[in-house]
Amino acid sequence: MSRKPNLAVVGATGAVGTVMLGLLSSREDVWGEIRLIASPRSAGRRLTVRGEEVEVVALSEEAFDGIDVAMFDAPDEVSAQWAPIAAAKGVVVVDNSGAFRMDPDVPLVVPEVNAPAARFRPRGIIANPNCTTLTMMCGLAALHAEYGLRELVVASYQAASGAGQSGVDALRDQLKQVAGTGVGEQTCDLRAVITDNGPFPAPLALNAVPWAGSAAADGWSSEELKVRNESRKILGLPDLKVSATCVRIPVITAHSLAVHAVFEREVSQEHAQDILREAPGVVLYDNPAAGEFPTPNDVVGTDPTWVGRVRRSLDDPNALDLFLCGDNLRKGAALNTAQIAELVAAELGG
């Protein structure tokens with residue numbers, strides 16, 4: 001292909017879509033036309049990308065005419081319907097939903113970890129992992145390459161934006177409701193003050209809710225199973241033992257994870273820190289004595305995964321404990337999608 005490939009952004013008006021447009025304006029320009037696609041109710045809006053205003057068009061089969069690559073940020077059911085339609089027109093789809101992640105004919109790609117997998121796409125679709133999985137994947141992949149990963153025990157502390165704009169709106173409304181009420185001083189009766197939980201099963205403001213996603217078998221949530229199943233697929237470890245507990249906390253943006261990782265070989269704190277320091281897509285921020293460790297506040301608006309509190313297990317010389325934070329709207333969604341699309345652009349250009 002002698003020309004630059006044409007790109008479509010499906011879901012351009014959403015929270016992740018907005019971040020995608022910002023990334024397209026700030027990263028290396030590898031695209032020809034950039035077409036913005038959204039639901040019919042958003043058609044006609046004008047959004048800025050690469051310094052120019054572009055009119056949003058309604059999602060339709062014709063909207064993919066002349067397009068080479070499409071980045072989808074849409075609900076599962078929309079992606080499930082429209083990604084195959086786009087692929088049938090010869091478009092390579094990079095999908096940020098959960099519709100295709102575990103399809104054996106759809107690669108699940110983190111460019112820093114398994115970029116070659118993006119070339120094997122029998123359905124013409126490449127899946128972007130869940131934002132929770134993505135937050136830990138670059139760091140864990142680097143450690144796995146050195147030590148051989150055997151087992152993960154994960155506790156995630158997930159931002160409200162992981163539940164979409166409705167989650168952000170609900171948390172902001174709840175914070176306004178509890179402000180000045182005295183809740184949290186002598187009483188924690190949030191349910192008496194907060195009138196609407198939004199997409200969460202309990203009040204999120206001044207609280208921690210040990211549930212994310214939908215109900216799965218045997219008391220697990222869908223979010224917890226994603227961490228298990230997606231980690232196995234990305235790392236190529238089908239028998240990896242993974243146990244996850246996903247918790248929603250009152251943070252707008254950036255997911256955090258406390259990870260206990262067990263390896264095949266003995267580990268050392270210093271060598272693990274060296275590995276993480278050199279790992280692509282990772283920032284090591286790890287000096288607790290000086291108050292240096294990642295928090296959601298540190299990572300909002302940044303691209304890498306930040307890693308700190310790296311230490312060898314007290315009871316197992318083959319295990320590490322660490323704490324990771326990442327912006328769930330950037331590397332956790334828009335950035336990884338854009339990176340995958342750029343891999344495809346380079347392939348098409350070659």
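Start at 1 with the first residue, then count along the sequence.
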Check: [Y] and [X] side chains under 4.5 Å, non-hydrogen atoms:
X	Y	answer
Val92	Ile126	yes
Arg35	Ile67	yes
Leu152	Leu140	yes
Leu320	Phe263	yes
Leu36	Val10	no
Val109	Pro111	yes
Val153	Val259	no
Pro122	Phe120	yes

Let me see the working for Val300 and Val251 under side-chain contact (heavy atoms from CB on, under 4.5 Å), right down to the final yes or no. CA-CA 11 Å; Val300 171; Val251 168; over 6 Å; no
Which atom of [X] lies closest to which atom of [Y], heavy atoms considered:
X	Y	result
Ser97	Ala74	CB-O, 3.4 Å
Thr135	Gly326	CG2-N, 3.6 Å
Leu59	Ile37	CA-CG2, 3.5 Å
Pro296	Cys325	N-SG, 3.9 Å
Ala118	Pro107	CA-CG, 4.3 Å
Asn128	Gly332	ND2-O, 4.2 Å

Verify, without hydrogens or angle tests, whether [X] (side chain) and [Y] (backbone) share a donor-acceptor contact under 3.5 angstrom.
X	Y	value
Asp327	Ala254	no
Asn229	Leu225	yes
Ser42	Thr13	no
Thr302	Val299	yes
Asn114	Ala117	no
Asn6	Gly66	yes
Arg248	Phe200	no
Thr133	Pro129	no
Ser231	Arg228	no

[X] and [Y]: same hydrophobic cluster, using ILVMFWY side-chain contacts below 4.5 Å?
X	Y	value
Leu240	Met137	yes
Leu108	Ile125	no
Leu335	Ile234	no
Met20	Val168	no
Val110	Leu343	no

In terms of side-chain geometry, is the basic nitrogen of [X] or [Y] positioned less than 4.0 Å from the acidic oxygen of its partner?
X	Y	value
Asp65	Lys89	yes
Arg101	Glu230	yes
Arg123	Asp95	no
Glu146	Arg265	no
Arg50	Glu52	no
Glu264	Arg150	no

Tell me whether the rings of Tyr285 and Trp306 are parallel (<30°), tilted (30 to 60°) or perpendicular (>60°).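 Tyr285 and Trp306: perpendicular rings.
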Can you find a side-chain donor-acceptor pair between [X] and [Y] that sits under 3.5 Å?
X	Y	result
Thr132	Asn130	yes
Ser161	Asn328	yes
Ser166	Asp169	no

If you count heavy atoms of other groups shown closer than 6.0 angstrom to [atom1] of [X], is the number above 12?
X	atom1	answer
Glu28	CD	no
Arg309	CZ	no
Arg46	CZ	yes

- Which of these, His271, Glu270, Glu266, Gln269, sits in a side chain to side chain donor-acceptor pair (under 3.5 Å) with Arg312?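 Going through the options one by one, the only one that passes is Glu266.
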For Ala333, side chain to side chain contact (heavy atoms under 4.5 Å, CB included) partners two or more places apart:
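Partners of Ala333 under the side chain to side chain contact (heavy atoms under 4.5 Å, CB included) test: Val16, Asn96.
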- Report the residue from Asp321, Val267, Asp286 that forms a side-chain contact (heavy atoms from CB on, under 4.5 Å) with Arg311.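 Per the side-chain contact (heavy atoms from CB on, under 4.5 Å) rule, the option paired with Arg311 is Asp321, out of Asp321, Val267, Asp286.
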All pairs passing side-chain hydrogen bond (donor to acceptor under 3.5 Å, both in side chains) where residues 192-221 contributes a residue, at least two apart: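 Those involving residues 192-221 are Gln177-Thr195, Ser214-Ser222, Ser221-Glu224.
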Nearest 0.5 Å, what's the [atom1]-[atom2] distance between [X] and [Y]?
X	Y	atom1	atom2	result
Leu276	Leu143	CG	CG	4.5 Å
Arg121	Asp105	CZ	CG	13.5 Å
Asn318	Tyr147	CG	OH	10.0 Å
Ser79	Phe100	OG	CZ	6.5 Å
Glu278	Leu284	CD	CG	10.0 Å
Leu329	Thr253	CG	OG1	5.0 Å

- request: List the steps, then state whether side-chain contact (heavy atoms from CB on, under 4.5 Å) holds for Glu112 with Lys331.
  value: CA-CA 11 Å; Glu112 296 91 339; Lys331 182 57 178 175; 2.8 Å; yes
Requested in this report: Go through Asp298 and Thr295 one step at a time and tell me if the side-chain hydrogen bond (donor to acceptor under 3.5 Å, both in side chains) criterion holds.
Outcome: CA-CA 5 Å; Asp298 298 312; Thr295 72; 2.9 Å; yes
Open item on the list: For Leu24 and Trp31: C-alpha separation, side-chain torsions, deciding distance, then whether side-chain contact (heavy atoms from CB on, under 4.5 Å) applies.
Closed with: CA-CA 9 Å; Leu24 291 171; Trp31 304 108; 3.7 Å; yes
*Could you walk me through whether Met136 and Val154 pass the side-chain contact (heavy atoms from CB on, under 4.5 Å) check?*
CA-CA 10 Å; Met136 65 179 181; Val154 178; 4.0 Å; yes
